[in-house]
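Note sheet for the following structure.
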Amino acid sequence: MEKLERTITEPIGEVDLNRPKVEIGKLFGKIQAGLETFFIKKGYLFLIIGFLLGRALILSQLTPFTLPFFAAIYLVRREKAPLALIGLIGGAATLSFTHAATTFIICFLFLFVFRISKKWVRNELKVLPFFVAGTLLVGTVAKTFILKGHVSLYELMMAGVEASLGFILCLIFLQSLPLLSLNRRRQSLKTEEIVCLIIMLASVMTGTIGWNVYDLSVEHIMSRYLVLIFAFVAGATVGSTVGVVTGLIFSLANISSLYHMSLLAFSGLLGGLLKEGRKIGVALGLLIATLLMGMYVDGGANLIISLYETGAAILLFLLTPQNLTMKLSKHIPGTPEYAAEQQQYMRKMRDVTAQRVSQFSNVFQALSKSFSAHNEPSGWEENSDREFDYFLSNVTEKTCQTCFKKDHCWARNFDTTYDYMKEIMNDLDYEDGQISPRLAREWDKHCTRAKKTTEVIQQELTFYKANQKLKKQVQESRKLVADQLLGVSAVMGDFAKEIQRERENHHKQEELILEAMQEFGIQVEQVEIYSLEQGNVDIEMTIPYCNGLGECEKLIAPMLSDILGETILVNSEECAAFASDFCHVTFHSAKAFVVDTAVAHAAKDGGLVSGDSYSTIQLGSGKYAIAISDGMGNGERAHSESQETLQLLQKILQSGIEEQVAIKSVNSVLSLRTTDEIFSTLDLAMIDLQNADAKFLKIGSTPSFIKRGAQVMKVQASNLPIGIIEEFDVDVVSKQLKAEDLLIMMSDGVFEGPKHVENFDLWMKRKITELKTDDPQEVADLIMEEVIRSRSGHIEDDMTVVVSKVKHNIPKWSSIPLQKKAN
């Protein structure tokens, strides 16, 4: 008894409330999979379609659906052709035995002719409609002749009409039948495919003509249900198209159904317009159309029956699973589900691309680590001792191997002999091939072949030093390659992050901006916001033809500046060519600073070609680069060297690689490119336009100067010119610039140009301090003039002066205040 009570009172287990939902979902999934397998994979759907098409008539006597359907099935799904043929014969048998026999004979005739001609046919798809039309024409004429003994002109014309319809229907079935397969890869339906699918469905429903359930016409119910489905899924355009096509097919089958085409078309239009009300709205559209058309036709005599048929169609429509309508909408362009499907596909492709780029970034990073691992200093001492042992082994092989005192020196006095040889090698290396007298005397006493051993050590030392130099160059090259790979890895990593950044959803802000512009009286067609990040605003607008009046710069940008709380400027503008077209404008955040640059330059002896080159580079990351390169010597060759240096640097910087890595890359390319001793200096200044922070990288170049009011500051760094050595450390000098600062950069022809001057720094500082102007062009011209005057008008070297002035970015137009803010 206690055991029974304990069993009753013990909990039977944890109750999972979500489990029934899961089981119901699995049950529906199994039912759906079973139906798809039964109807589509096993082909019984073609049996049902064949049965309905077999009894479908046009003009009450033509049966053009049977052979085109069988031929299309035979070509597309040949293994299901017997099921389709059975369905066609069964459907024709419901009309008459003659129709069934004719259907079988015409299909057999088609197979016979098609199989025979297969040897000469290369493209079965192209010739199939012609075979269908020819077989229908011959079969219909032969049937009429056998039954009546003659063929009239009217019957011959009707046979031609049936053959023509068969030709068209064959093309339609070839387009629409692949849509019923489960393994269809293409996601979107073309307009032609949608129309073909509708025609096929309407043709199938004509097989239900004459079927009634409690005096309700089955074809009317199914046609209205079809219109409801497409109006709900694709809207008014496709819904009305389905109504017109379906009504036309029914009117061809039964002339009394002509008014039904108007009802279906009107229903599709109203249902599509009311699709925002979901299924109830679409059903209401059909109900309103039925009432209007029912009262108009026959004075409302059949209105009650028509309303019952509409009610049955609405009931079927409401019972249709949402999963089915969503699957159908994903294949029709223009629907939100299709757009979401495409967006998901694009997001997947974007993620895959970003992942691949990130993988490449990891590969380059791993390669960089692999190259860097060989340059670790931990094993250098051990490697140095090992290499010295190899060096001694080469020496002893040529001297001690045949000596009779070999055991005495290396077995009994190993340490002494080893130390003597190491000391001899060091003396020969650091004393210009001579050893000290003390060491010479001691070595003569210790070794019987002292002179020969010393000569061999000196010979091997040459090879040893060359080997050491080569290994050092390899280590330096590895370090350079590691830095370059690391830079490429960083660029690709940033690129992968940029790919994954989606356009943010700013519908509310777009509507506010659009409304504010229109209230102010500016007509704006469209606003698209890509970024509202502070300092990185990116907005695109489409406006009507502006006739080049500059309203974007004068009105729209100042209004956006007030709305967004920061200065917005026009980044690019594409004006329309015609008054009926639209202009496209992009707006970006204004940088906090701008740089005005002026240049003064002269070639040696007043020539036309200078060995100096200069460049100003606007980088996409909000940085402004100023560069001067001085090629070795003068003339064309020096100019090409300096120009090539700047072009290579510009391309590498614009790719996003860091400045130091970019300069090292340029140096490695120029040093490995040729064996000629052609070198270039490089003076690079990188100015951040957001905070005016400047970085100076000087490779063999002269100092630069910053003039701030009456104060002049010198910027200097010591590096060899580019291309002399394969590896060097780039010294980076950072300076914080301020508004109204003058940055003066020059080549050595200007800095070292003044004659009879001992201290070029003091002379240049004094001349810059004495300047009474802050205009960049005037400053450049005055400095150049002073240097040339000091040389009595002679230009003994290429001369270049680049003067840049840093200023606050003050827009031309003040912001226009508005009441509404896009926050």
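Note that the numbering runs from 1 along the sequence shown for the chain. Keep in mind that the numbers below use all heavy atoms, side chains included, and drop hydrogens, waters and symmetry copies.
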message: Any non-hydrogen side-chain atom of Phe705 less than 4.5 Å from a side-chain atom of Met713?
response: no
task: Give a yes or no on whether the backbone of Ala625 and the side-chain of Thr616 come within a donor-acceptor separation of less than 3.5 Å.
output: no
message: Ignoring hydrogens and geometry beyond distance, is a side-chain donor-acceptor pair present between Ser704 and Lys698 at under 3.5 Å?
response: yes
message: Please find the pair of heavy atoms, one from Ala516 and one from Ile563, that lie closest to each other, and give the distance.
response: CB-CD1, 4.3 Å
- request: Identify the heavy atoms of Pro776 and Asp596 that sit nearest to each other, and give their distance.
  value: CG-O, 4.0 Å
query: Could Lys604 and Asp798 be called an ion pair, given the rule that one side-chain N must be under 4.0 Å from one carboxylate O?
result: no
query: Restricting to pairs with a member in residues 769-802, which pass ring pair (Phe, Tyr, Trp, His ring centres under 6.0 Å), not counting sequence neighbours?
result: none
message: Quick one, Leu560 and Met541 - any side-chain contact, counting heavy atoms below 4.5 Å?
response: yes
Other residues, nucleotides, ligands: >12 heavy atoms within 6.0 Å of Lys765 NZ: yes
- prompt: Which of these, Ile556, Leu564, Asn571, sits in a side chain to side chain contact (heavy atoms under 4.5 Å, CB included) with Phe587?
  reply: Ile556
message: For Glu540 and Thr586: C-alpha separation, side-chain torsions, deciding distance, then whether side chain to side chain donor-acceptor pair (under 3.5 Å) applies.
response: CA-CA 4 Å; Glu540 287 189 6; Thr586 60; over 6 Å; no
message: The test is side chain to side chain donor-acceptor pair (under 3.5 Å); show your working for Thr597 and Ser804 and say whether it passes.
response: CA-CA 4 Å; Thr597 304; Ser804 301; 3.2 Å; yes
message: Between Met764 and Lys714, is the side chain to side chain contact (heavy atoms under 4.5 Å, CB included) condition met? List the steps.
response: CA-CA 10 Å; Met764 188 60 66; Lys714 185 177 76 169; over 6 Å; no
Ion pair Lys707/Asp741, N-O distance below 4.0 Å: no
Check: Ser629/Tyr614 side-chain N/O donor and acceptor closer than 3.5 Å: no
Close side-chain approach of Val801 and Ile628, heavy atoms under 4.5 Å: no
- request: Measure the spacing between CD of Glu553 and CG of Leu555 and express it to the nearest 0.5 Å.
  value: 10.5 Å
- prompt: For Arg789, does the CZ atom have more than 12 heavy-atom neighbours from other residues, nucleotides or ligands under 6.0 Å away?
  reply: no
- prompt: Side chains of Gln618 and Val595: does their closest heavy-atom pair fall under 4.5 Å?
  reply: no
- prompt: About how many Å separate CG of Asp612 and CG of Asp797, when rounded to the nearest 0.5 Å?
  reply: 7.0 Å
field: Heavy-atom donor-acceptor pair, Gln777 side chain to Val599 backbone, under 3.5 Å
entry: yes
field: Flag for Thr773-Glu778: side-chain donor and acceptor within less than 3.5 Å
entry: yes
query: Rounded to the nearest 0.5 Å, what separation is found between the CD atom of Gln526 and the NE2 atom of His584?
result: 9.0 Å
- request: Check whether the side chains of Glu566 and Ser589 place a donor and an acceptor atom closer than 3.5 Å, and report yes or no.
  value: yes
- prompt: Within a strict 4.5 Å, meaning less than it, do heavy atoms of the Glu573 and Cys583 side chains meet?
  reply: no
Close side-chain approach of Ile539 and Val527, heavy atoms under 4.5 Å: yes
- prompt: Can you list the steps and then say if Glu785 with Ile788 is a side chain to side chain contact (heavy atoms under 4.5 Å, CB included)?
  reply: CA-CA 5 Å; Glu785 184 180 354; Ile788 295 176; 5.9 Å; no
- prompt: Can you name the closest pair of heavy atoms from Gly749 and Val787 and give their distance?
  reply: O-CG1, 4.2 Å
- request: Output the distance between atom CD1 (Ile687) and atom CD1 (Ile626), rounded to the nearest 0.5 Å.
  value: 4.0 Å
message: Please give me the minimum heavy-atom distance between Ile795 and Ala603, naming the atom from each residue.
response: CG2-O, 3.3 Å
message: Could you tell me if the side chain of Thr567 sits less than 4.5 Å from the side chain of Asn809, heavy atoms only?
response: no
- prompt: Can you name the side-chain hydrogen bond (donor to acceptor under 3.5 Å, both in side chains) partners of Ser790, sequence neighbours left out?
  reply: none
- request: State whether a side-chain donor-acceptor pair under 3.5 Å links Thr702 with Asp748.
  value: no
message: If you apply the rule side chain to side chain contact (heavy atoms under 4.5 Å, CB included), what do you find for Leu682 with Leu697, and how did you get there?
response: CA-CA 8 Å; Leu682 182 62; Leu697 296 90; over 6 Å; no
query: With distance as the sole criterion, is a donor-acceptor pair present between the side chains of His588 and Asp538 under 3.5 Å?
result: yes
- prompt: So which heavy atom on Pro754 is nearest to which on Phe760, and how close?
  reply: O-CE2, 3.7 Å
- prompt: Given side chains that start at C-beta, do those of Leu689 and Lys623 come closer than 4.5 Å, heavy atoms only?
  reply: no
- request: Could you please spell out the steps behind the side chain to side chain contact (heavy atoms under 4.5 Å, CB included) verdict for Leu742 and Val803?
  value: CA-CA 7 Å; Leu742 285 177; Val803 180; 4.1 Å; yes
- request: List for me each residue that meets side-chain hydrogen bond (donor to acceptor under 3.5 Å, both in side chains) alongside Glu740, sequence neighbours excluded, and say none if there are none.
  value: Lys805
field: Distance, nearest 0.5 Å, that separates CZ of Arg791 from CD of Glu786
entry: 14.5 Å
- request: Over all heavy atoms of both residues, which pair between Arg708 and Leu737 is shortest? Give the atoms and the distance, please.
  value: NH2-CA, 3.9 Å
task: Take Ser747 and Asp630 through the test side chain to side chain donor-acceptor pair (under 3.5 Å) and record every step on the way to the result.
output: CA-CA 7 Å; Ser747 61; Asp630 182 6; 5.2 Å; no
query: When rounded to the nearest 0.5 angstrom, what distance separates CG in Asp683 from CE in Met745?
result: 3.5 Å
